[in-house]
Engineer: 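Just dropping this structure here.
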Amino acid sequence: MFRIARVILLALLLDLEFSNAEPHNKQLTVFVEAGRQECFYQPIATTENINIDYQVIHGGLGETHVNFNLMDPIRRLLINEIKREKGKHSMKANETGSYKFCFDNTISTFNQKIVSFALEVAPADREERELRDLRQEMLTDYQFDVAYAGIDSYMGKIHVNLMRSRQTQDFIRAIEARDRNVAESTYSMVNNWSWAQFLSMIFVGFLQVLMVRSIFHTTGTFYKFWKSF
């Protein structure tokens, strides 16, 4: 019952993908018990291309081979291979319906086989669709290139404006540095002149005090020096 449920689920999934009218690609690895066979069903329309590739990847203690057969919707045998380790087939469907393919391990009494297979069902107009998709991709790439060129041009303008802003800021900083140097030089010069004037005023004041005192101090040296003139 579990095997039947698994086959039905797989058939439903394959049928869902088939209804999208897109190329169907499926890869599975299955266990084929000794003395039994595993079968799968795939709905395929007329003129669709069938590609199947299988290989026995493990054969237990025995030989790595199985029997393989493919049948059309009315169960006519299309492919029948005996004791094959691997196989690859390509054909075009002649009828619409559920195709059946089986991996048969009845040739083995004790050894379980592990089979990996890939199934591809492509529409008859696949090449035309691929060409149409290629044109659409080329158009998309062209639109992307146009959009990218516009963005690149806009980013280039932003870069130029940023460079100009940086140059302006550097020029302003240079002017500020020059003005700062002038201000500091002027400040230093004003301080020096202020100290010179301050010391001159002290010296002149001290000299005036001495001169005034010498007028009233007749015995002093400065008074005698003053009277000599």
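Residues take their numbers from the sequence shown, with the count starting at 1.
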Engineer: Among the clusters formed by ILVMFWY side chains lying less than 4.5 Å apart, do W195 and M201 turn up in the same one?
Structural biologist: no

Engineer: Can you tell me how far apart CG (L119) and CD1 (I50) are? Round to the nearest 0.5 Å.
Structural biologist: 8.0 Å

Engineer: OG/S108 to CZ/R36 distance, rounded to the nearest 0.5 angstrom?
Structural biologist: 13.5 Å

Engineer: Please give me the minimum heavy-atom distance between S98 and R75, naming the atom from each residue.
Structural biologist: O-NH1, 3.0 Å

Engineer: With rounding to the nearest 0.5 Å, note down the distance linking CG in L77 to CG in L70.
Structural biologist: 8.0 Å

Engineer: Using the test ring pair (Phe, Tyr, Trp, His ring centres under 6.0 Å), find all partners of F68 that sit at least two apart in sequence or belong to another chain.
Structural biologist: Y54, H89, F103

Engineer: How far apart are the closest heavy atoms of A45 and A93, and which atoms are they?
Structural biologist: O-CB, 3.5 Å

Engineer: If I take atom CD1 from residue I52 and atom CD from residue E120, how far apart are they, to the nearest 0.5 angstrom?
Structural biologist: 11.5 Å

Engineer: With side-chain contact (heavy atoms from CB on, under 4.5 Å) as the test, would you mind laying out the steps for H65 and I107 before giving the verdict?
Structural biologist: CA-CA 9 Å; H65 55 227; I107 57 177; 3.4 Å; yes

Engineer: Please name the residue in the list N94, V121, N49 that meets the side chain to side chain contact (heavy atoms under 4.5 Å, CB included) test with I44.
Structural biologist: V121

Engineer: Kindly say whether E184 contributes a backbone atom to a donor-acceptor pair with the side chain of S188 at under 3.5 angstrom?
Structural biologist: no

Engineer: Counting C-beta onward and ignoring hydrogens, is there a side-chain heavy-atom pair between Q42 and E48 closer than 4.5 Å?
Structural biologist: no

Engineer: Rounded to the nearest 0.5 Å, how far does SG of C102 lie from OH of Y41?
Structural biologist: 6.0 Å

Engineer: Rounded at 0.5 Å granularity, tell me how far CG in N67 sits from CD1 in I82.
Structural biologist: 4.0 Å

Engineer: Taking the side chain as C-beta and beyond, is there a heavy-atom pair between V32 and D104 under 4.5 Å?
Structural biologist: no

Engineer: Quick check: do Y99 and D72 have side-chain heavy atoms less than 4.5 Å from each other?
Structural biologist: yes

Engineer: Between M91 and I79, is any pair of side-chain heavy atoms under 4.5 Å apart?
Structural biologist: yes

Engineer: Work out which heavy atom in N105 is nearest to a heavy atom in V66; give both atom names and the distance.
Structural biologist: OD1-CG1, 4.4 Å

Engineer: Side chain of T46, backbone of T96: donor and acceptor closer than 3.5 Å?
Structural biologist: yes

